[in-house]
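Order of the sequence lines fixes the chain letters, A, B, ..., with proteins taken first and strands second; residue numbering starts at 1 for each chain.
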Protein chains: 4
Amino acid sequence: MTSKDELLAAIAWAASKGWTPATGGNFSARVPEGYLVTASGRDKTRIQADDLLLCDLDGQVLEGSGKPSAESDLHAALYRLDGQIGCVLHTHTVASTVLSRRFPDGIALNGFEMQKALQGNTTHDATVCLPVVPNAQDMDELAAHVRAAWPMPWGFLVAGHGIYAVGATVAECRRHLEAIEFLLACVLEESRWSQ
Amino acid sequence: MTSKDELLAAIAWAASKGWTPATGGNFSARVPEGYLVTASGRDKTRIQADDLLLCDLDGQVLEGSGKPSAESDLHAALYRLDGQIGCVLHTHTVASTVLSRRFPDGIALNGFEMQKALQGNTTHDATVCLPVVPNAQDMDELAAHVRAAWPMPWGFLVAGHGIYAVGATVAECRRHLEAIEFLLACVLEESRWSQ
Amino acid sequence: MTSKDELLAAIAWAASKGWTPATGGNFSARVPEGYLVTASGRDKTRIQADDLLLCDLDGQVLEGSGKPSAESDLHAALYRLDGQIGCVLHTHTVASTVLSRRFPDGIALNGFEMQKALQGNTTHDATVCLPVVPNAQDMDELAAHVRAAWPMPWGFLVAGHGIYAVGATVAECRRHLEAIEFLLACVLEESRWSQ
Amino acid sequence: MTSKDELLAAIAWAASKGWTPATGGNFSARVPEGYLVTASGRDKTRIQADDLLLCDLDGQVLEGSGKPSAESDLHAALYRLDGQIGCVLHTHTVASTVLSRRFPDGIALNGFEMQKALQGNTTHDATVCLPVVPNAQDMDELAAHVRAAWPMPWGFLVAGHGIYAVGATVAECRRHLEAIEFLLACVLEESRWSQ
């Protein structure tokens with residue numbers, strides 16, 4: 001599969017999970033010319049090749065019709081920030097929205113086998129942190145929040161907003177996204193016990 | 001797609017989400033002659049073109065067989081009330097049922113990125129309200145509750161009953177419905193922490 | 001559709017909802033000779049015509065291979081008890097299991113629009129009760145519990161076990177089942193607030 | 001169906017339930033030469049015959065390309081430990097992850113009809129225990145935990161990790177897995193009331 005096909009499959013998968021409500025979420029993969037990214041406002045449950053735009057690393061559209069997502073500039077900033085990033089998947093989910101509001105300084109995890117799905121972790125017996133950055137409508141401001149907190153090798157949450165997963169490949173990024181969502185579901189369940 | 005096809009696709013989508021249990025919910029779109037609306041008691045998971053009736057703006061059936069939904073008169077009242085409304089989607093969901101009972105004066109939202117999916121909102125950093133009107137079996141009484149609370153540009157909840165989403169187009173109305181349901185899911189999670 | 005086809009469709013639907021875990025649940029419809037009922041231990045997600053047995057009203061198998069479900073005798077008892085019953089759908093769900101354990105004397109409902117989906121109810125503004133009977137492995141004992149609590153026009157919960165929905169037709173029984181499950185989901189959410 | 005086909009169907013089913021997030025989980029069935037087991041890191045939602053490896057009972061690969069799952073050695077240990085075991089299904093689920101952390105000494109169950117789906121149980125009116133063993137990254141250590149707690153005729157939970165269901169056949173193992181997951185969902189709901 002080409003990067004484009006892999007990206008389209010990842011978008012269709014995320015949409016099928018219910019992680020792109022109300023045309024939300026945006027998705028990209030690095031290519032030689034820059035990156036491919038979803039156009040604004042498309043229904044991700046019916047994604048097609050012409051819903052993707054080709055942009056350079058400054059976020060300028062090189063090919064494709066439609067406006068890039070408002071958050072395309074954050075994708076561009078991530079690809080400029082870290083040459084290891086090959087894919088960025090951004091979803092809107094209930095667990096990430098509410099937990100990032102409750103824990104604006106990040107979510108500490110310890111003792112979950114699923115931590116091993118996050119790149120660089122080989123045991124459950126360690127503490128890792130899912131970072132949270134403040135939300136902003138201005139993409140330069142949001143990118144500044146992200147740069148200030150870098151490195152975040154699996155991605156991060158934006159408070160009250162959702163998950164940005166990153167990975168070297170589309171496959172790794174999908175694994176990170178799914179692992180983060182699973183871990184958040186566990187934290188959400190456990191948070192109910194600690195009332 | 002015609003309005004009719006778009007409406008049928010929206011009904012099938014809402015049904016696939018589980019938002020029309022026990023033949024519940026009703027759905028309409030404005031057309032030149034009045035509006036198209038679901039006939040009473042049909043299983044929305046198997047909706048077909050002949051499950052739609054054509055009514056005038058007084059709610060009288062012009063075409064189609066079957067009784068219009070009991071709540072068809074509320075759809076008619078909405079189309080008469082506001083010429084901007086092109087579509088009304090009404091679902092029965094657990095979150096809207098219980099939250100509208102708990103918060104009969106409306107549900108205030110602040111800081112959710114998803115607020116931007118509600119027409120007229122461009123930032124998470126504002127307070128918006130999902131309005132709740134009291135339930136009534138008499139459609140004139142229910143319509144009076146709605147008129148008293150107008151304008152409600154994304155729609156409203158009926159206490160113990162469900163969501164009425166409105167929009168200028170079927171697509172906008174779907175986006176409003178999905179955004180409201182997502183925001184309610186967030187509020188429901190957060191309500192468990194505040195016990 | 002024949003009763004048999006309608007029953008098979010209802011079983012496939014209930015299974016698709018996840019209401020028949022671990023080959024659980026059993027399902028029947030009245031026919032002139034007695035009733036059709038699922039054979040024991042079949043995977044309801046892959047139900048076929050030969051998974052149904054024809055029994056007389058004493059629960060004796062007239063046609064079909066396989067053992068009737070252990071609870072077939074309760075179905076027989078229901079058909080003998082009330083000539084209005086044309087269908088019995090029994091599911092195992094989490095909400096019915098835990099709420100019937102918590103509220104062994106029945107679950108009172110008031111103010112839910114969904115109450116109108118239960119036969120004989122025309123308003124949300126009334127109190128109705130979802131009855132709960134004690135569980136028993138002996139079908140005569142379980143049938144005695146049911147007879148003692150009769151009439152229960154939509155069906156009942158068995159404590160720690162699941163839902164028995166009844167209806168004059170397969171369609172009405174499905175509507176009752178889905179409405180009961182929806183109402184239980186609402187009660188479950190609200191029960192978390194009342195801690 | 002051959003054991004291989006039955007195993008593949010069981011994996012596809014578990015994946016469709018969302019029980020194998022982030023390429024997690026592993027699955028095996030005993031065959032005359034040893035056992036068939038999933039190769040490491042495969043996406044279980046797209047499982048195919050060549051994702052299975054044939055291993056001997058010491059866990060050595062006899063046929064197939066790819067690395068066996070890290071936990072393949074635990075499967076081997078289970079088949080050596082108990083000649084009755086014909087299938088091992090291991091999933092990662094939220095309920096099993098958080099409940100095994102909360103109840104590291106095991107989860108007692110009483111009064112659930114679903115207990116009857118666990119081999120050897122014929123009534124709800126008894127107490128059974130879902131055992132929990134501590135997690136370990138070293139498979140010899142994890143196998144030692146399992147041996148120390150044997151017999152566990154339906155399987156066990158690994159703390160913060162997931163479910164290992166066992167059964168004489170693939171069908172019995174699936175029934176055990178689904179029953180355990182259902183019972184955990186009930187316990188999770190009830191745990192919220194006991195805060």
Item to check | Per-residue contacts, residues 117-136 of chain C versus chain D, heavy atoms under 4.5 Å | outcome: C:Asn135, C:Ala136
Checklist entry - Is any side-chain heavy atom of D:Met114 closer than 4.5 Å to a side-chain heavy atom of C:Pro21? => result yes
Next on the checklist: Contact between C:Val158 and D:Glu113 at the side-chain level, heavy atoms closer than 4.5 Å - yes or no?
Outcome noted: no
Checklist entry - What pairs of residues pass the side chain to side chain donor-acceptor pair (under 3.5 Å) test when at least one of them lies in residues 50-68 of chain D, not counting sequence neighbours? => result D:Arg42-D:Asp51
Checklist outcome for this item: Closest non-hydrogen atoms of C:Arg192 and D:Trp193, given as atom of the first, atom of the second and distance, are N-NE1, 4.5 Å
Item to check | Residues of residues 79-100 of chain C contacting chain D, heavy-atom criterion under 4.5 Å, by residue number | outcome: C:His92, C:Thr93, C:Val94, C:Thr97, C:Val98, C:Leu99
Checklist entry - Hey, which residues of residues 22-37 of chain C are touching chain D, say heavy atoms under 4.5 Å apart? => result C:Ala22, C:Thr23
